[in-house]
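To start, the structure itself, in C-alpha cells.
Just so it is clear: chains get the letters A, B, ... in the order the sequence lines come, proteins before strands, and each one is counted from 1.
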Amino acid sequence: MLESSKDSAKLDAMKRIVGMIAKGKNASELFPAVVKNVASKNIEIKKLVYVYLMRYAEEQQDLALLSISTFQRALKDPNQLIRASALRVLSSIRVPIIVPIMMLAIKEASSDLSPYVRKNAAHAIQKLYSLDPEQKEMLIEVIEKLLKDRSTLVAGSVVMAFEEVCPDRIDLIHKNYRKLCNLLVDVEEWGQVVIIHMLTRYARTQFLSPWKVDEVVDEYSESNFYESDEEQKEKDQKLKAIYTMDPDHRLLLRNTKPLLQSRNAAVVMAVAQLYWHLAPKSEAGIVSKSLVRLLRSNREVQYIVLQNIATMSIQRKGMFEPYLKSFYVRSTDPTMIKTLKLEIMTNLANEANISTLLREFQTYVKSQDKHFAAATIQAIGRCATNITEVTDTCLNGLVCLLSNRDEIVVAESVVVIKKLLQTQPAHHGEIIKHMAKLLDNITVPVARASILWLIGEYCERVPKIAPDVLRKTAKSFTNEDDLVKLQILNLGAKLYLTNSKQTKLLTQYVLNLGKYDQSYDIRDRTRFIRQLIVPNEKSGALSKYAKKIFLAQKPAPLLESPFKDRDHFQLGTLSHTLNSRATGYLELSDWPEVAPDPSVRNVDVAESAKEWTGIPGKPKKEKPTEKFYSESEEEEDDSASTSSSGSESDSKSEKEDEDEGSTDESSGSSSPSEESTDSESDSKESAAKKRCRAVNESDSQDIKKKAEGISMKRSTSSSSDTEYTSSDECSSGSKSESDSKSDSESGKSRNATCNKKEEKPVQDRKTPKKQDMFLLDLDDFCPVTTPVAVPTAAALSPSLAADLEGLSLSSSSVIDVTMQVSVPTKTHELLHRMSGKGLAAHYHFSRQPGIFGDRMVPVQVTVTNTTDQKIENIHIGEKKLPPGMRMHEFNPIEFLEPGGSITATMGIDFCDSTQTASFQLCTKDDHFSVNIQPPVGELLLPVTMSEKDFKKEQGMLTGMNETSTTIAVAPQNSTRLVIIERVVKAANLGVVPSGEDNIHRFAAKTMHSGSLMLVTVELKESSTAQLIINTEKTVIGSVLLRELKPVLSQG
Amino acid sequence: MIHSLFLINASGDIFLEKHWKSVVSRSVCDYFFEAQERASEAENVPPVIPTPHHYLLSIYRHKIFFVAVIQSEVPPLFVIEFLHRVVDTFQDYFGVCSEVIIKDNVVVVYEVLEEMLDNGFPLATESNILKELIKPPTILRTVVNTITGSTNVGDQLPTGQLSVVPWRRTGVKYTNNEAYFDVIEEIDAIIDKSGSTITAEIQGVIDACVKLTGMPDLTLSFMNPRLLDDVSFHPCVRFKRWESERILSFIPPDGNFRLLSYHVSAQNLVAIPVYVKHNISFRDSSSLGRFEITVGPKQTMGKTVEGVMVTSQMPKSVLNMTLMPSQGTHVFDPVTKLLSWDVGKINPQKLPSLKGSVSLQAGTSKPDENPTINLQFKIQQLAISGLKVNRLDMYGEKYKPFKGIKYMTKAGKFQVRT
C-alpha cells in the first residue's frame, strides 16, 4: 500500500505501521518503503513517517541517510512549523554520521527569527550532546547565545540544555541571571520548574547565607523589601557589619513568589524548595500553605509532597503546625499516604497538640489496615519519647493495646513499650509486672520474646516474678517459637547470674532442653551460654565477665524519623524521594563564606540604560563639587531672575506658577541680605547636607542664597564651564520633553519651538547678566543638548529596560518607568510662621522617584527661620498615619540660623490614596502638628510607552476602568505644547508620542501599587475636548479627572 | 528527561509504548510488575520505583498505569504532573480515557504524544494548542476526511504558541456568545463517633465554559473575596490585579477550563449540611450484628440535599448483610465487602434510613473497629462558604455575551467514623 499512488492508501498503511510501533511490534523491515514517503506532500503522512523514522533510524543508519536531504530542504521552508519539525526529526535520528549536519542546523536555527524554531534548537542541543559528547564546546557556544535570547518560549528549553550539557558552567548564567528572574513569570510552566531548580543551585554558589544572621535580617529585610538597589547599597555602607541580602538574591525570591499560586504542582514544589534552600528562615513559611493545598490533588502528587513536607517538618516544626489537621488520615487514603501523614503528625507533635494527636492516633490504632495500625503504634512511641509529659499516658495506652487480638498490633506495642522502657529506666516495675501477667494470654512470638527480654533485662527490679516466669516458660519451652526459646535461654542466663540460688536448677533444665532442640540456632546458643555461665574447669577468662556481658547497660534505641537523613538531598528531587543519589543528581553546594563578586551579573547594555533610567540619581553618582555648584547656580538663576527682573519671570509665565512667584518673591526679598557675610561657610555645610540626601535640583532658597555667592565668583572665570554644567542640568530637568520626542517628529518640532521661545528671553537677559548676574543665560531649557541620553534609551528594548528598572512590571514588560520631567514648582504651606512661632515650612513634590524606594512619594520640605534666634533640632516627631502609609523622615536639622532656611527631603508612601499624612514637626522646645495632603497627580510615576503599547493597554482597561468627560478648552490651550505642559504640570505623567495631532496621550503608574494610569486628551471641534482616563484604580482615576478638568479649561 | 512511556492495563499488559529517545526495552516494566505484586492493591503501588539503570515513575488513573521511564535526576513531580496532563489531554480529546479508546485512536494518541514531548521535555501541553496541531477525531471529520482526503493534522504553527496568550486560539467565532461559570465547593470533613466535627475544610473551584468570539477580556469580582484564603489560578489570570484588587481579570481560553481553585480560610467555621445517625454493633457471641443508619439534613440554608450516596467498607469478617432501606437502593458486594446505598434526595419530613442485620463469619471474633461511612451529596444553588460572584464584565469586544453563574456544594472527602 505504501507504493500506492493514492495518499489515502498510504495514510492507511502508515497508520497501521504506527499502530504496530505502539504495540511494540517490530516494523523495521518496512524501512525502505517508508522512507520513500518522507517527501510526501501530505502533511499527515509526513508526520507519521517522522514518527517511524525516529523509532527506527538508529537501527538502519544507512537507509536513514536517504531522508536527510529532505530535512535539509525543509529547514529552509518558510513555514516555521515545518522548519521546526524538520529540525526535530533531524536531531532525533541518532545517526553519528550526520553530526556535522546537525551542528550546522542547530547553529542556523539558533538564530532563526521564530522563537519556536529556536526552542527546538535548544532541544536539539541536548540530543546532539547525547549522541556525540565531543561537540560540547561548540554546543556551549550555542547555549551561550540562546541564553541571551529574550523569548520566554526559549528560556525554559535552553536552561534545560544548559543543565544537561554544562551544568558547571555557572559563569554563563551571570549575565542572564536578572533576565531569567524577570522573565520567569511568563515562561511556560515546565520551563519554570527547570529554571527554578537551576537558579537554586546558582544562588547557593553566589550569595551569602541568609540564615546565620536571621534575627538581624528579620527586621532589616522587612524595611528594605521594596527598595531599589541603589538604596540598598547606600544602606550597606551604613550597616556594613550586618548581613544584607544581595539585591539579586532578593530579586529571585520576589519573582518566584507569585508562582506559588501556579496550578502546576511541580512549579509549586520547585518554588517551595527554592524558598527552603534560599530564603531567610522567617520567610520560608509562606510556602507551607501552598504545599498543603497540593495535598488535595492526585495520590502520586500527594505522595511526593508529603515526603518533602516530612523532611521539612523535622527541621522546622513551626512551618506546618497550623496545618496539623490537614494531615489527619482518612480511611480511604492508600497505605503509603497514611504512613507519610502519620510521620508528619509525629514530627509536628508538641506539648500543646499532643493530646488531640493522641486521641486521633487512638482511632488509627483500630484501623482495619493493620500495617497502618502498627505504624501508628510506632508513632505513639516516638511521641512518648519526644514529649516527656505524655510518656506515661502513652505507656498506659500501649499497655492496654497489649490485649488487642491482632498479632501485629500487640507485637508492635510490646516492641515499642520495650523501647520506651529502655529509654526511661526509672519506673517500670509495675509495667513489667503487668506484662508478665499478660504473658499467659499473648501468643504472638515477637511480643512474648520482647516481654521475656524485658523481664530478663530488669530482673533485679522484679526479683519475685522473674523466677516464676522462668518456671512457667520452662514448662512450655518445647512448644514455644524459636524466637521465644532464645529469649527464655537469655532470661535463664541472666537469672542464673543474678539470682543463682533460686534459679540454678531451672536454668540447667532449660539449658538441657535447649541442647536437644531441633533448631541449630538454639543448640548453639545453649552451648554458648552454658560455657559462659556455668563454672567448670575449662571455662576461660570469659566466664568471669559473664555478668558484665549479659547485664551490661544497653543503650536505649533511638526512636527517630526515617526522614531524618534525607535533608542532605535537595528537596523536590528524585534523589530525595528515593533517599539515594540518582544518576545525574547535582549536589547543592553550601553557602559561600564570602560572596563572589556580584558585579558579574551586571549586563553591559544595562549600564547605559541604567545611566539613563537613573538620571535623578545622576547627580548622586557624579557628586563632584562642580556639579553641585552648577545646580545651585541654576537655582540661583531662578531666584535671581525673578527677584531682579520681575518682568522676565512673567515672560516665561508658562513655566512658573503664580504661587511660585510669590515664594520666589519672598526669597527675593531676602536676597539682598544673602550676598553678605557668612555664605561661604554655610554653603559648605549645606553642600554636605545635600550630599547626604539624594540630591536633586531643589529650589531650596537657602542653597540658592549661599551658592549665589560662589557661583558669581566661579562663573566669571569660566563661563564655558558653566555652560556645560547647565546643559547637563537641563537634561535632567527637561527630560520628559526629550523622552517624548525620542521617537516622534512632532516632539522634536515642539522642542524646536521651545528653543525659539527660550532664545528671546535669553537674549534679553544677557544684558542684566553683565551688569548683575552672570548666569542668566543658562536658565531653563537647553534642549539641544538633551537628546544625547535619549536615543540610547529609546533603542533599548523596553523589556530589558524593565529588567533594569527593577522589576515591578513583569506582566507588562513593554512599559517603562520614566523619570519625570517637569518639577511642579507649586509649593504648599506646611506650617505658617505665625502658628509655627516663627518657624515656617513649605513643601513641594519634587517628583524624584526612587529616592526612598519605589513606593515613596518624595516631598521636599523647606523650613525657614523667621525669628531672630537660632532654632535648634528640627525633626519629625510623632506620626499619625493612616494604616498602610509609611514615611521616611528627613534627617534632623541641627540648627537653623535666624533668617536662614533649609530644605530637606522626605518620602511618604501614600498607598495610592489622597489621605493626609499627619505628623509633628518638632523643634528643640516645641512641636507643631502638620499635614501633607498629596494632590492625586503626585501619586503617579510617569512611564514611557509607545503609542501602540498605550492603545493595547487601554484596550484592556475599558469598561469600569474608564472614566471620561467632555471639557471646554480655552482657545489658547489648544496647542499641543500647551496641553502637554499643563497636564504634565498638574500630574506627574509621562508623555506618549502621538501620531495624531488632536489626540494627546499620557501614561503613568501609581506609586504604591504600580497600576497603570492612562490619560487621553482628544481635542474636538468648537474648543471642546474629551478627557479619558483608563486605570484599574478607578477612584484615583476619577479624582485625577476632576483635577485635570480645570487645568485645561482655564485660560 | 522522560525517556519512554508505557501504558499498562489492569491485567498487566503493556498495550502502548512510546519512546522519545533511544528505545528502552519493555522488560524494564518487570520491575514495575514486581512492585505491583508486592503492593497488592493498585493504589499502593509506589509512584517512584528505582531499577538498576532507570527510574520508573507511574500514575494510576482510569484503571491504567502510565509508567514513565527516566534515566537521570529530575524533579519527580515534574514527571507526575506531566503524566496527569497527558491523561487530561486524552480525556479532552476522546471524552473518556480508557484502554479501548486509546487502542482505537492509537494514531492520534501517538501524534499527540509526539507533540507533547520533544526529547523528553514538554513542548506543547495546552490542549487548545494541541487541538490546533492535531484535530480531535469526530465522526463528522472522519467522514469528511475519507471523502476529501484532507488530514486532521494542522500545517500551521498555532498562533497561540507564540503569542502572549498561548492558551487562546485566535479567530474564535461563535454565533451564540456564552460564558458559564460553575462555582463548585467541596466539603472535606471527618466527623467522629459522637457527631462532632474533627476537621472540616472547604475547597472550591470555579470551572468555566467560555464560548466567546474574538479576544474578550473578562473580569470577575466577588462580593466577599476575603473568604478565599489560598488560591491557584489558571495561567490566564492576571496575578497582579488579584493581589491589588482581588479581582479576577483574564483573557479566557476557549472552551472548558478551570479558572481558579481556592481554599476557604480555616477561621470560618464550616457548616456541615448533613448528619448521620448510626448504630452499628457486632456482638462477640453471636454471628449477627446490628446495622442502622439514618441520614438527615442539618444546615442546608433551605436547600434540598440531593444525590446522597452512602458507602462503607465493611470489615473482612462480614459475610453478608440483610438490609431494608426506607428509600433508594442498596448493594452489598460480598467480595470487596463494600456497601453502597444510593439514597437520592433527602426529604426532611421523612428521613431516609437503612436498617437490618449483618451476618459475620462464624468463629471469628468481632471486628475491632466499626466501618467508616463515606458520604456523597450535592446541594444545588448553594456555595456553602457563602462566596458570591459580584459581577462579570467583558471588555475588548463589542457584542453582549450571555453570562451564567451556577453554584453547587458537594461532599469531598466526607467521612463519618463510627
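- At a 4.5 Å heavy-atom cutoff, the contact between A:E300 and chain B is made by backbone and side-chain atoms alike.
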Q: Step by step, work out the side-chain contact (heavy atoms from CB on, under 4.5 Å) result for B:Y55 and B:V79.
A: CA-CA 11 Å; B:Y55 303 95; B:V79 181; over 6 Å; no
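- Neither the backbone nor the side chain of B:L83 comes within less than 4.5 Å of any heavy atom in chain A.
- Only the side chain of A:E164 comes within contact range of chain B, judged by heavy atoms closer than 4.5 Å.
- When heavy atoms are compared at a cutoff of 4.5 Å, B:E397 does not approach chain A at all.
- Put simply, of A:M269, A:E188, A:H576, A:R88, the one with the most heavy-atom pairs under 4.5 Å next to chain B is A:R88.
- Looking at A:H197, only its side chain comes within 4.5 Å of chain B, counting heavy atoms on both sides.
- Looking at B:D217, only its side chain comes within 4.5 Å of chain A, counting heavy atoms on both sides.
- For a residue to count as touching a neighbouring chain, one of its non-hydrogen atoms must lie under 4.5 Å from one of that chain's; by this rule B:L117 touches chain A with the backbone only.
- Ranked by heavy-atom pairs shorter than 4.5 Å toward chain B, the options A:K23, A:R293, A:M160, A:E58 are led by A:R293.
- Proximity to chain B is absent for every atom of A:T152, based on heavy atoms less than 4.5 angstrom apart.
- With hydrogens and angles ignored, the 3.5 Å screen pairs a side-chain donor or acceptor of A:S262 with a backbone N or O of A:N264.
- With hydrogens and angles ignored, the 3.5 Å screen pairs a side-chain donor or acceptor of A:T577 with a backbone N or O of A:T573.
- A salt bridge links A:E189 to A:R263: at least one charged side-chain nitrogen sits closer than 4.0 Å to a carboxylate oxygen.
- With a threshold of 4.5 angstrom between heavy atoms, A:I21 approaches chain B through its backbone and through its side chain.
- Of the atoms belonging to A:M54, it is side-chain heavy atoms, and not backbone ones, that fall under 4.5 Å from chain B.
- With a 4.5 angstrom heavy-atom cutoff, B:L57 touches chain A only via side-chain atoms.
- With a 4.5 Å cut-off on non-hydrogen atoms, B:F78 touches chain A through its backbone and its side chain both.
- Using a 4.5 Å cut-off between heavy atoms, B:R258 makes no contact with chain A at all.
- Between chain B and the options A:G572, A:G24, A:A266, A:A22, the largest number of non-hydrogen pairs under 4.5 Å is found for A:A22.
- Heavy atoms of A:Q192 lying under 4.5 Å from chain B are absent altogether.
- When only modelled atom types and interatomic distance are considered, B:W20 and B:S4 share no side-chain donor-acceptor pair under 3.5 Å.
- Using a 4.0 Å cut-off between charged nitrogen and carboxylate oxygen, B:E115 and A:K47 count as a salt-bridge pair.
- Residue B:I59 touches chain A through both its backbone and its side chain, counting heavy-atom pairs closer than 4.5 Å.
- Counting only distance, with no hydrogens or angles, the side chain of B:D188 and the backbone of B:K413 share a donor-acceptor pair below 3.5 Å.
- Only the side chain of B:D393 comes within contact range of chain A, with at least one heavy atom under 4.5 Å from a heavy atom of that chain.
- The contact between A:T332 and chain B is made by backbone and side chain atoms together, counting heavy-atom distances below 4.5 Å.
- If you measure heavy-atom distances from B:S58 to chain A, the contacts under 4.5 Å come from the backbone alone.
- Using a 4.5 Å cut-off between heavy atoms, A:R299 touches chain B through its side chain atoms alone.
- For the 3.5 Å distance criterion, the side chains of A:T335 and A:H371 fail to qualify, holding no donor opposite an acceptor.
- Neither the backbone nor the side chain of B:K103 comes within contact range of chain A; no heavy atoms are under 4.5 Å apart.
- Contact annotation for B:Q71: only backbone heavy atoms (N, CA, C, O) come within less than 4.5 Å of a heavy atom of chain A.
- Of the atoms belonging to A:E163, not a single heavy atom falls under 4.5 Å from chain B.
- If you measure heavy-atom distances from B:E17 to chain A, the contacts under 4.5 Å come from both the backbone and the side chain.
- Of the atoms belonging to B:D13, not a single heavy atom falls under 4.5 Å from chain A.
- Both the backbone and the side chain of A:V301 come within contact range of chain B, each with at least one heavy atom under 4.5 Å from a heavy atom of that chain.
- In this structure, no portion of A:V267 lies under 4.5 Å from any heavy atom of chain B.
- Interface remark: A:V89 contributes no atoms to any contact with chain B (heavy atom separation under 4.5 Å).
- The choice from A:Q570, A:E360, A:K46, A:Q273 that makes the most heavy-atom pairs within less than 4.5 Å of chain B is A:E360.
- Under a cutoff of 6.0 Å and an axis angle of 45°, B:K240 and B:W242 do not form a cation-pi pair.
- In summary, the side chains of B:Y110 and B:E114 do not present any donor paired with an acceptor at a separation below 3.5 Å, with no hydrogens or angles considered.
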